[in-house]
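Notes to accompany the following structure.
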Amino acid sequence: MTDDIFSAGLEDLAARGLRRAATAFDGGSARTVTLDGRTLLLFCSNDYFGLSHDPRIIAAVKEGLDRYGFGSGGSRLISGTRTPHAELERAIASFLGAEAALLFGTGFSANSGVIPAIAEKGDVIFADKLNHASMVDGCRLSRAEFVRYPHCDMAALEKMLKKAGSVRTRWIITDGLFSMDGDMAPLDEICSLAKKHDARVYVDDAHAFGVLGKNGRGTPELFGVERDIDILMGTLGKAAGGMGAFAAGKKSTADWLLNKARSFIFSTAMPPAVAAGNLKAVEILGNYRTERNTFMQITEAFYDRIKTAGFAISYKSYIIPLVIGSAGDALAAAKLLWDDGIFVQAIRPPAVPEGTSRLRLTLSLAHTEQDREAVIQCLTKYLGARHKGTGP
Ligand SMILES: Cc1ncc(COP(=O)(O)O)c(C=O)c1O
(Lines give C-alpha, C1' and ligand atoms only; values in the text may rest on other atoms or scores of the structure.)
Protein backbone atom coordinates (compact mmCIF):
# COMPACT_ATOMS: atom_id res chain seq x y z
CA MET A 1 0.00 0.00 0.00
CA THR A 2 1.35 3.45 -0.86
CA ASP A 3 0.86 6.51 1.36
CA ASP A 4 -2.27 8.59 0.89
CA ILE A 5 -0.87 11.91 -0.24
CA PHE A 6 -4.00 13.56 -1.66
CA SER A 7 -6.74 13.24 0.97
CA ALA A 8 -5.77 16.39 2.84
CA GLY A 9 -5.75 18.37 -0.40
CA LEU A 10 -9.14 16.99 -1.35
CA GLU A 11 -10.56 17.93 2.03
CA ASP A 12 -9.19 21.42 1.60
CA LEU A 13 -10.85 21.71 -1.83
CA ALA A 14 -14.14 20.51 -0.32
CA ALA A 15 -13.94 23.04 2.52
CA ARG A 16 -13.55 25.84 -0.02
CA GLY A 17 -16.43 24.61 -2.19
CA LEU A 18 -13.97 23.71 -4.95
CA ARG A 19 -14.02 19.92 -4.98
CA ARG A 20 -15.47 18.47 -8.17
CA ALA A 21 -17.16 15.22 -9.10
CA ALA A 22 -18.36 13.94 -12.46
CA THR A 23 -22.02 12.96 -12.27
CA ALA A 24 -22.61 9.93 -14.51
CA PHE A 25 -26.02 10.48 -16.05
CA ASP A 26 -27.60 7.30 -17.29
CA GLY A 27 -29.31 8.72 -20.37
CA GLY A 28 -31.00 11.73 -21.89
CA SER A 29 -31.03 13.63 -25.13
CA ALA A 30 -29.65 16.91 -26.46
CA ARG A 31 -32.11 18.77 -24.16
CA THR A 32 -32.22 16.54 -21.10
CA VAL A 33 -30.20 14.28 -18.84
CA THR A 34 -31.60 11.43 -16.81
CA LEU A 35 -30.46 10.04 -13.49
CA ASP A 36 -32.13 7.24 -11.54
CA GLY A 37 -35.37 7.64 -13.45
CA ARG A 38 -35.48 11.44 -13.07
CA THR A 39 -35.28 13.72 -16.11
CA LEU A 40 -33.66 17.13 -15.83
CA LEU A 41 -33.56 19.90 -18.40
CA LEU A 42 -30.00 20.36 -19.59
CA PHE A 43 -28.95 24.02 -19.68
CA CYS A 44 -25.17 23.77 -19.49
CA SER A 45 -24.00 21.76 -22.49
CA ASN A 46 -22.16 23.20 -25.50
CA ASP A 47 -24.41 21.29 -27.88
CA TYR A 48 -25.84 24.53 -29.28
CA PHE A 49 -27.79 22.94 -32.13
CA GLY A 50 -28.56 19.59 -30.54
CA LEU A 51 -26.41 17.77 -33.09
CA SER A 52 -25.08 15.30 -30.51
CA HIS A 53 -28.25 13.27 -31.11
CA ASP A 54 -28.88 14.05 -34.78
CA PRO A 55 -30.00 10.84 -36.55
CA ARG A 56 -28.09 11.73 -39.74
CA ILE A 57 -24.84 11.95 -37.79
CA ILE A 58 -25.54 8.80 -35.80
CA ALA A 59 -26.15 6.93 -39.09
CA ALA A 60 -22.83 8.24 -40.48
CA VAL A 61 -20.99 7.06 -37.34
CA LYS A 62 -22.61 3.60 -37.56
CA GLU A 63 -21.66 3.31 -41.21
CA GLY A 64 -18.12 4.38 -40.29
CA LEU A 65 -17.95 1.72 -37.57
CA ASP A 66 -19.05 -0.98 -40.00
CA ARG A 67 -16.53 0.11 -42.57
CA TYR A 68 -13.47 1.03 -40.49
CA GLY A 69 -13.93 -0.71 -37.13
CA PHE A 70 -13.65 0.92 -33.71
CA GLY A 71 -10.23 2.52 -33.27
CA SER A 72 -7.76 4.00 -35.73
CA GLY A 73 -4.95 1.85 -34.36
CA GLY A 74 -2.23 4.43 -34.67
CA SER A 75 -1.18 8.03 -34.87
CA ARG A 76 -1.99 9.98 -38.01
CA LEU A 77 1.54 9.85 -39.37
CA ILE A 78 2.12 6.13 -38.73
CA SER A 79 -0.97 4.14 -39.64
CA GLY A 80 -4.03 5.95 -38.22
CA THR A 81 -5.21 8.07 -41.17
CA ARG A 82 -8.31 6.91 -43.04
CA THR A 83 -10.38 8.52 -45.79
CA PRO A 84 -12.80 10.27 -43.35
CA HIS A 85 -9.90 12.10 -41.65
CA ALA A 86 -8.71 13.52 -44.97
CA GLU A 87 -12.25 14.31 -46.11
CA LEU A 88 -13.04 16.04 -42.84
CA GLU A 89 -9.94 18.23 -43.09
CA ARG A 90 -10.92 19.25 -46.61
CA ALA A 91 -14.53 19.88 -45.55
CA ILE A 92 -13.49 22.10 -42.62
CA ALA A 93 -11.13 24.11 -44.80
CA SER A 94 -13.82 24.57 -47.42
CA PHE A 95 -16.43 25.50 -44.75
CA LEU A 96 -14.10 28.21 -43.46
CA GLY A 97 -12.75 29.35 -46.82
CA ALA A 98 -9.25 28.43 -45.59
CA GLU A 99 -6.55 26.77 -47.67
CA ALA A 100 -6.21 23.81 -45.29
CA ALA A 101 -7.08 22.42 -41.88
CA LEU A 102 -5.42 19.87 -39.61
CA LEU A 103 -7.36 17.68 -37.20
CA PHE A 104 -6.61 17.15 -33.51
CA GLY A 105 -8.15 14.75 -31.01
CA THR A 106 -9.56 17.53 -28.82
CA GLY A 107 -9.50 21.29 -28.53
CA PHE A 108 -7.25 20.99 -25.52
CA SER A 109 -4.67 19.03 -27.49
CA ALA A 110 -4.97 21.45 -30.44
CA ASN A 111 -4.15 24.50 -28.34
CA SER A 112 -1.48 22.81 -26.29
CA GLY A 113 0.16 21.42 -29.45
CA VAL A 114 -0.25 24.23 -31.96
CA ILE A 115 0.92 27.15 -29.84
CA PRO A 116 4.35 25.69 -28.94
CA ALA A 117 4.75 24.73 -32.62
CA ILE A 118 4.19 28.27 -33.91
CA ALA A 119 5.81 30.42 -31.21
CA GLU A 120 9.41 29.72 -30.36
CA LYS A 121 12.28 31.25 -28.45
CA GLY A 122 12.71 34.81 -29.65
CA ASP A 123 8.96 35.29 -30.26
CA VAL A 124 6.45 37.01 -27.97
CA ILE A 125 2.90 35.85 -27.27
CA PHE A 126 0.29 38.42 -26.21
CA ALA A 127 -2.65 36.57 -24.68
CA ASP A 128 -5.98 37.72 -23.26
CA LYS A 129 -6.09 37.21 -19.50
CA LEU A 130 -9.31 35.16 -19.77
CA ASN A 131 -8.14 32.78 -22.47
CA HIS A 132 -9.14 29.14 -22.09
CA ALA A 133 -6.88 26.96 -19.93
CA SER A 134 -5.71 24.96 -22.95
CA MET A 135 -4.33 28.12 -24.58
CA VAL A 136 -2.67 29.13 -21.33
CA ASP A 137 -1.00 25.71 -21.17
CA GLY A 138 0.01 25.96 -24.85
CA CYS A 139 1.61 29.33 -24.14
CA ARG A 140 3.41 27.91 -21.11
CA LEU A 141 4.73 24.99 -23.16
CA SER A 142 6.02 27.35 -25.82
CA ARG A 143 9.52 28.72 -25.40
CA ALA A 144 8.34 32.17 -26.49
CA GLU A 145 7.97 35.03 -24.01
CA PHE A 146 4.38 34.99 -22.75
CA VAL A 147 2.58 38.14 -21.61
CA ARG A 148 -1.09 38.55 -20.77
CA TYR A 149 -3.20 41.64 -21.35
CA PRO A 150 -6.29 42.52 -19.28
CA HIS A 151 -9.46 41.02 -20.75
CA CYS A 152 -10.28 42.65 -24.12
CA ASP A 153 -8.28 45.78 -23.16
CA MET A 154 -7.02 47.04 -26.50
CA ALA A 155 -5.16 50.03 -25.06
CA ALA A 156 -3.18 47.70 -22.79
CA LEU A 157 -2.51 45.33 -25.69
CA GLU A 158 -1.19 48.17 -27.85
CA LYS A 159 1.06 49.37 -25.05
CA MET A 160 2.51 45.85 -24.70
CA LEU A 161 2.98 45.49 -28.46
CA LYS A 162 4.90 48.78 -28.55
CA LYS A 163 6.99 47.82 -25.54
CA ALA A 164 8.04 44.48 -27.04
CA GLY A 165 10.50 46.24 -29.37
CA SER A 166 12.15 44.20 -32.07
CA VAL A 167 11.36 40.52 -31.76
CA ARG A 168 11.11 37.81 -34.37
CA THR A 169 7.36 37.08 -34.39
CA ARG A 170 4.57 38.53 -32.25
CA TRP A 171 1.47 36.41 -31.77
CA ILE A 172 -1.82 37.76 -30.43
CA ILE A 173 -3.71 34.76 -29.05
CA THR A 174 -7.34 34.99 -27.99
CA ASP A 175 -10.65 33.20 -27.62
CA GLY A 176 -13.14 34.38 -30.25
CA LEU A 177 -16.10 33.82 -27.94
CA PHE A 178 -15.03 33.53 -24.31
CA SER A 179 -16.21 30.25 -22.88
CA MET A 180 -17.05 31.32 -19.33
CA ASP A 181 -18.15 34.91 -19.97
CA GLY A 182 -19.98 34.61 -23.27
CA ASP A 183 -18.50 37.85 -24.61
CA MET A 184 -16.42 38.23 -27.75
CA ALA A 185 -12.90 39.44 -28.42
CA PRO A 186 -12.98 42.67 -30.49
CA LEU A 187 -11.37 40.95 -33.46
CA ASP A 188 -11.67 44.01 -35.71
CA GLU A 189 -9.56 46.04 -33.29
CA ILE A 190 -7.19 43.15 -32.64
CA CYS A 191 -6.57 42.70 -36.37
CA SER A 192 -5.93 46.45 -36.85
CA LEU A 193 -3.43 46.39 -33.99
CA ALA A 194 -1.84 43.30 -35.49
CA LYS A 195 -1.41 45.08 -38.83
CA LYS A 196 -0.06 48.22 -37.19
CA HIS A 197 2.45 46.34 -35.03
CA ASP A 198 3.33 43.51 -37.39
CA ALA A 199 1.75 40.74 -35.31
CA ARG A 200 0.09 37.44 -36.19
CA VAL A 201 -3.36 36.48 -34.91
CA TYR A 202 -4.47 33.12 -33.47
CA VAL A 203 -8.15 32.72 -32.59
CA ASP A 204 -9.69 29.86 -30.61
CA ASP A 205 -13.26 29.83 -31.88
CA ALA A 206 -14.36 26.69 -30.03
CA HIS A 207 -17.76 28.13 -29.08
CA ALA A 208 -18.48 30.07 -32.26
CA PHE A 209 -17.52 27.64 -35.03
CA GLY A 210 -20.69 26.73 -36.89
CA VAL A 211 -22.83 29.20 -34.95
CA LEU A 212 -21.73 32.80 -35.43
CA GLY A 213 -21.50 34.63 -38.75
CA LYS A 214 -23.87 34.31 -41.69
CA ASN A 215 -22.18 31.11 -42.84
CA GLY A 216 -21.20 29.86 -39.41
CA ARG A 217 -17.55 30.72 -39.93
CA GLY A 218 -17.44 32.10 -36.42
CA THR A 219 -16.22 35.32 -34.86
CA PRO A 220 -13.84 36.23 -37.74
CA GLU A 221 -16.82 36.21 -40.12
CA LEU A 222 -18.95 38.18 -37.65
CA PHE A 223 -16.27 40.88 -37.37
CA GLY A 224 -15.43 40.79 -41.10
CA VAL A 225 -11.78 39.88 -40.55
CA GLU A 226 -11.56 36.34 -41.90
CA ARG A 227 -8.61 37.22 -44.14
CA ASP A 228 -6.66 38.74 -41.27
CA ILE A 229 -6.59 35.68 -39.00
CA ASP A 230 -3.45 33.59 -39.37
CA ILE A 231 -4.74 30.51 -37.55
CA LEU A 232 -8.31 29.69 -36.65
CA MET A 233 -8.64 26.89 -34.15
CA GLY A 234 -12.08 25.38 -33.60
CA THR A 235 -13.62 22.36 -31.95
CA LEU A 236 -16.03 19.69 -33.12
CA GLY A 237 -17.19 18.96 -29.57
CA LYS A 238 -19.53 21.92 -29.25
CA ALA A 239 -21.89 23.09 -32.02
CA ALA A 240 -20.83 20.15 -34.22
CA GLY A 241 -22.04 17.82 -31.47
CA GLY A 242 -19.12 15.37 -31.65
CA MET A 243 -15.51 15.47 -30.55
CA GLY A 244 -12.24 16.68 -31.98
CA ALA A 245 -10.72 19.95 -33.13
CA PHE A 246 -8.83 21.61 -35.95
CA ALA A 247 -6.41 24.36 -36.79
CA ALA A 248 -7.11 26.08 -40.10
CA GLY A 249 -5.16 28.57 -42.18
CA LYS A 250 -2.73 28.50 -45.07
CA LYS A 251 -1.64 25.20 -46.59
CA SER A 252 1.92 25.84 -45.39
CA THR A 253 0.60 26.41 -41.83
CA ALA A 254 -1.23 23.07 -41.79
CA ASP A 255 1.89 21.37 -43.21
CA TRP A 256 4.07 23.00 -40.55
CA LEU A 257 1.74 21.84 -37.79
CA LEU A 258 1.60 18.32 -39.22
CA ASN A 259 5.39 18.28 -38.92
CA LYS A 260 5.77 20.14 -35.64
CA ALA A 261 2.70 19.96 -33.37
CA ARG A 262 3.58 17.28 -30.85
CA SER A 263 -0.03 16.60 -29.79
CA PHE A 264 -0.82 15.83 -33.44
CA ILE A 265 2.25 13.71 -34.10
CA PHE A 266 2.44 11.68 -30.89
CA SER A 267 -1.23 10.81 -30.38
CA THR A 268 -3.63 8.19 -31.70
CA ALA A 269 -5.86 9.45 -34.51
CA MET A 270 -9.54 9.94 -33.71
CA PRO A 271 -11.62 6.87 -34.58
CA PRO A 272 -12.49 7.01 -38.31
CA ALA A 273 -16.19 6.60 -37.47
CA VAL A 274 -16.00 9.74 -35.30
CA ALA A 275 -14.35 11.55 -38.20
CA ALA A 276 -17.21 10.35 -40.42
CA GLY A 277 -19.75 11.69 -37.89
CA ASN A 278 -17.92 15.00 -37.69
CA LEU A 279 -17.91 15.18 -41.48
CA LYS A 280 -21.70 14.84 -41.54
CA ALA A 281 -21.98 17.49 -38.80
CA VAL A 282 -19.87 19.96 -40.79
CA GLU A 283 -22.08 19.30 -43.83
CA ILE A 284 -25.21 19.96 -41.75
CA LEU A 285 -23.75 23.14 -40.24
CA GLY A 286 -23.00 24.34 -43.77
CA ASN A 287 -26.74 24.33 -44.50
CA TYR A 288 -27.84 25.88 -41.19
CA ARG A 289 -28.45 29.50 -42.18
CA THR A 290 -32.07 29.51 -41.00
CA GLU A 291 -31.20 27.64 -37.83
CA ARG A 292 -28.44 30.15 -37.00
CA ASN A 293 -30.89 33.04 -37.41
CA THR A 294 -33.52 31.31 -35.30
CA PHE A 295 -30.95 30.59 -32.59
CA MET A 296 -29.91 34.26 -32.44
CA GLN A 297 -33.55 35.33 -32.18
CA ILE A 298 -34.15 32.86 -29.36
CA THR A 299 -31.02 34.07 -27.59
CA GLU A 300 -32.03 37.74 -27.80
CA ALA A 301 -35.54 36.99 -26.56
CA PHE A 302 -34.11 35.00 -23.65
CA TYR A 303 -31.98 37.96 -22.57
CA ASP A 304 -35.06 40.18 -22.54
CA ARG A 305 -36.80 37.72 -20.26
CA ILE A 306 -33.87 37.16 -17.98
CA LYS A 307 -33.46 40.91 -17.54
CA THR A 308 -37.16 41.28 -16.81
CA ALA A 309 -36.73 38.56 -14.19
CA GLY A 310 -34.28 40.91 -12.44
CA PHE A 311 -30.79 39.88 -13.56
CA ALA A 312 -28.61 42.88 -14.39
CA ILE A 313 -26.92 41.44 -17.45
CA SER A 314 -26.25 42.94 -20.87
CA TYR A 315 -26.51 40.91 -24.06
CA LYS A 316 -23.54 38.66 -24.71
CA SER A 317 -24.32 35.43 -26.52
CA TYR A 318 -25.88 32.01 -26.06
CA ILE A 319 -23.38 31.53 -23.20
CA ILE A 320 -24.98 33.37 -20.30
CA PRO A 321 -22.90 33.92 -17.15
CA LEU A 322 -24.99 34.60 -14.05
CA VAL A 323 -22.30 35.67 -11.61
CA ILE A 324 -23.17 34.69 -8.03
CA GLY A 325 -19.97 35.34 -6.05
CA SER A 326 -18.56 32.70 -3.75
CA ALA A 327 -18.09 29.09 -4.81
CA GLY A 328 -20.40 27.95 -2.01
CA ASP A 329 -23.22 30.27 -3.09
CA ALA A 330 -22.87 29.21 -6.72
CA LEU A 331 -23.10 25.56 -5.67
CA ALA A 332 -26.19 26.30 -3.57
CA ALA A 333 -27.82 28.17 -6.48
CA ALA A 334 -27.12 25.23 -8.83
CA LYS A 335 -28.67 22.90 -6.24
CA LEU A 336 -31.86 25.01 -6.17
CA LEU A 337 -32.19 24.67 -9.93
CA TRP A 338 -31.42 20.95 -9.72
CA ASP A 339 -34.21 20.49 -7.17
CA ASP A 340 -36.57 22.14 -9.66
CA GLY A 341 -35.50 19.79 -12.46
CA ILE A 342 -32.93 21.97 -14.23
CA PHE A 343 -29.28 21.03 -14.57
CA VAL A 344 -26.93 24.02 -14.68
CA GLN A 345 -23.38 23.55 -13.44
CA ALA A 346 -21.78 25.90 -10.91
CA ILE A 347 -18.56 27.25 -12.45
CA ARG A 348 -15.89 27.94 -9.85
CA PRO A 349 -12.17 28.77 -9.67
CA PRO A 350 -9.83 27.98 -11.32
CA ALA A 351 -12.21 28.05 -14.31
CA VAL A 352 -13.15 31.63 -13.33
CA PRO A 353 -11.45 34.20 -11.05
CA GLU A 354 -11.98 34.02 -7.28
CA GLY A 355 -15.23 35.69 -6.15
CA THR A 356 -16.89 35.36 -9.58
CA SER A 357 -18.30 31.85 -9.29
CA ARG A 358 -21.34 31.60 -11.47
CA LEU A 359 -24.07 29.67 -13.11
CA ARG A 360 -23.09 29.35 -16.75
CA LEU A 361 -26.32 28.90 -18.62
CA THR A 362 -26.17 27.80 -22.24
CA LEU A 363 -28.97 27.76 -24.77
CA SER A 364 -29.55 25.12 -27.41
CA LEU A 365 -31.88 24.80 -30.37
CA ALA A 366 -32.85 21.48 -28.81
CA HIS A 367 -34.74 23.33 -26.04
CA THR A 368 -38.42 24.10 -26.34
CA GLU A 369 -40.11 27.37 -25.40
CA GLN A 370 -41.50 25.61 -22.30
CA ASP A 371 -37.98 24.53 -21.31
CA ARG A 372 -36.77 28.13 -21.41
CA GLU A 373 -39.84 29.29 -19.52
CA ALA A 374 -39.13 26.70 -16.80
CA VAL A 375 -35.63 28.15 -16.38
CA ILE A 376 -36.94 31.72 -16.15
CA GLN A 377 -39.48 30.67 -13.51
CA CYS A 378 -36.80 28.93 -11.50
CA LEU A 379 -34.38 31.85 -11.71
CA THR A 380 -37.14 34.27 -10.68
CA LYS A 381 -37.77 32.10 -7.62
CA TYR A 382 -34.04 32.05 -6.85
CA LEU A 383 -33.74 35.84 -7.13
CA GLY A 384 -36.81 36.33 -4.93
CA ALA A 385 -35.24 34.19 -2.20
CA ARG A 386 -31.96 36.05 -2.55
CA HIS A 387 -33.62 39.44 -2.16
CA LYS A 388 -35.45 38.22 0.94
CA GLY A 389 -32.16 36.98 2.32
CA THR A 390 -33.35 33.37 2.35
CA GLY A 391 -31.34 32.11 -0.64
CA PRO A 392 -27.70 31.90 -1.73
C1 LIG B 1 -12.39 28.16 -25.63
C2 LIG B 1 -12.12 26.70 -25.55
N3 LIG B 1 -11.01 26.23 -26.14
C4 LIG B 1 -10.71 24.91 -26.10
C5 LIG B 1 -11.53 24.03 -25.44
C6 LIG B 1 -11.13 22.58 -25.38
O7 LIG B 1 -11.83 21.88 -26.34
P8 LIG B 1 -12.10 20.32 -26.15
O9 LIG B 1 -13.24 20.23 -25.18
O10 LIG B 1 -12.41 19.84 -27.51
O11 LIG B 1 -10.86 19.74 -25.58
C12 LIG B 1 -12.70 24.47 -24.85
C13 LIG B 1 -13.60 23.49 -24.20
O14 LIG B 1 -13.89 23.43 -23.11
C15 LIG B 1 -12.99 25.85 -24.86
O16 LIG B 1 -14.06 26.32 -24.24
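One-based numbering, in listed order, for ligands and for the atoms of each.
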Might you list the protein residues in contact with ligand 1, defined as having a heavy atom under 4.0 Å from one of its atoms, sorted by chain and number?
Thr106, Gly107, Phe108, Asn111, His132, Ser134, Asp175, Ser179, Asp204, Ala206, His207, Thr235, Lys238

Donor-acceptor check, side chain of Arg348 to backbone of Arg19, threshold 3.5 angstrom: yes or no?
yes

Determine yes or no for a side-chain-to-main-chain donor-acceptor pair under 3.5 angstrom, with Asp128 supplying the side chain and Cys152 the backbone.
yes

Check Leu361 against Val344 and note the closest heavy-atom contact, atom names and distance.
CD1-CG2, 3.5 Å

Could you check whether any side-chain N or O of Asp4 sits under 3.5 Å from a backbone N or O of Phe6, counting only pairs where one atom can act as donor and the other as acceptor?
yes

Main chain of Leu177, side chain of Asp183: is a donor-acceptor contact present, judged purely on distance under 3.5 Å?
no

For residues 16-35, which residue pairs qualify under ring pair (Phe, Tyr, Trp, His ring centres under 6.0 Å), counting only residues two or more places apart or in two chains?
Phe25-Phe343

